[in-house]
Amino acid sequence: VKADESVKSGRALVAVLDAMDRFARDERTQQWGAMALWAMCRDNARAKARLIRSKSNSRLRSGKSPAAVLLASLDLHGEQSEPVAKACIGAMLCVATNEPEFQSELAAVGAPRRILETLETHRNMSFAGEFDALREWLRECAR
């Protein structure tokens with residue numbers, strides 16, 4: 001899937017984000033949309049770069065940034081749904097890994113504080129060390 005042209009070009013990523021934005025109240029769309037973003041961007045620098053650029057290219061129908069769509073999903077569903085919380089946090093942190101531009105975007109919308117609050121709510125949630133490199137960044141931004 002990661003080698004598919006629609007993923008590498010960013011079309012699939014934008015389509016998923018548009019669906020998440022359009023169907024923001026549907027918990028399953030949020031969970032599986034965020035999981036799909038996470039899967040497509042994991043170890044895929046080209047897809048991550050396209051996702052980050054989708055904000056500046058205004059390719060999302062609503063004009064929202066990818067960070068804003070993922071954060072809105074976490075805000076709406078994260079407290080009551082651990083699967084949605086894990087998917088949204090995983091997607092955000094996956095894209096933020098080694099991407100200072102996306103880290104800045106997340107910080108600008110207040111995502112680090114919200115991520116830490118959600119992790120506090122769902123204390124058993126684990127990413128098996130996948131995002132350990134971002135731990136200090138999260139804490140610093142949340143202050």
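Only heavy atoms go into these numbers, but all of them, side chains included; no hydrogens, no water, no symmetry mates.
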Are the side chain of Ser104 and the backbone of Pro100 linked by a donor-acceptor contact shorter than 3.5 Å?
yes

Using a 4.5 Å cut-off on heavy atoms from C-beta on, say whether the side chain of Leu93 contacts that of Trp137.
yes

Return the CG to CZ distance between Leu13 and Arg50, rounded to the nearest 0.5 Å.
10.0 Å

I'd like to know if the side chain of Gln80 reaches the main chain of Leu76, judged simply by a donor and an acceptor atom lying under 3.5 Å from each other, with no hydrogens or angles considered.
yes

Report yes if the distance between the aromatic ring centroids of Phe127 and Trp38 is under 6.0 Å, otherwise no.
yes

Is the shortest side-chain heavy-atom distance between Ile115 and Leu71 below 4.5 Å?
no

Can you confirm whether Leu60 sits close enough to Pro66 that some side-chain heavy atom of one is under 4.5 Å from a side-chain heavy atom of the other?
yes

Spacing of CZ belonging to Arg114 relative to CG belonging to Leu138, to within rounding of 0.5 Å
13.5 Å

Looking only at heavy atoms, the pair that brings Ala111 and Met92 closest together is CB-SD, 4.1 Å

Surrounding CZ of Arg46 (heavy atoms of other residues, nucleotides or ligands, distance under 6.0 Å), is the total greater than 12?
yes

Closest approach of Ala128 to Ser126 (non-hydrogen atoms, all atoms of both residues):
N-OG, 3.1 Å

Expected output: side-chain His77 to main-chain Gln31 donor-acceptor under 3.5 Å:
no

Between Thr97 and Gln103, is any pair of side-chain heavy atoms under 4.5 Å apart?
no

With distance as the sole criterion, is a donor-acceptor pair present between the side chains of Glu105 and Ser65 under 3.5 Å?
yes

side-chain contact (heavy atoms from CB on, under 4.5 Å) partner of Val69, the single match among Leu74, Asp18, Leu17
Leu17

If I take atom CD from residue Gln30 and atom CZ from residue Arg25, how far apart are they, to the nearest 0.5 angstrom?
10.5 Å

Please say yes or no: joined through hydrophobic side-chain contacts below 4.5 Å, possibly via intermediate residues, are Met35 and Val84 part of one cluster?
no

For residues Glu79 and Thr121, report the shortest heavy-atom separation together with the two atoms involved.
OE1-OG1, 3.2 Å

How far does CG of Leu134 sit from CG of Asn98, to the nearest 0.5 angstrom?
8.0 Å

Do Asp21 and Lys64 touch side chain to side chain, with heavy atoms closer than 4.5 Å?
yes

Lys86 vs His122 side-chain heavy atoms within contact, under 4.5 Å
no

What distance do Thr118 atom OG1 and Ile89 atom CD1 have between them, rounded to the nearest 0.5 Å?
5.0 Å

Enter the distance from Leu37:CG to Lys48:NZ here, rounded to the nearest 0.5 Å.
13.0 Å

Residues Cys88 and Ala34: closest non-hydrogen pair is N-CB, 3.7 Å

Answer yes or no: is there a side-chain heavy-atom contact under 4.5 Å between Glu136 and Arg139?
yes

Non-hydrogen atoms of Phe102 and Ala96 that approach each other most closely
CD2-N, 3.7 Å

Would a 4.5 Å heavy-atom cut-off, applied to side chains only, mark Leu70 and Met20 as touching?
yes

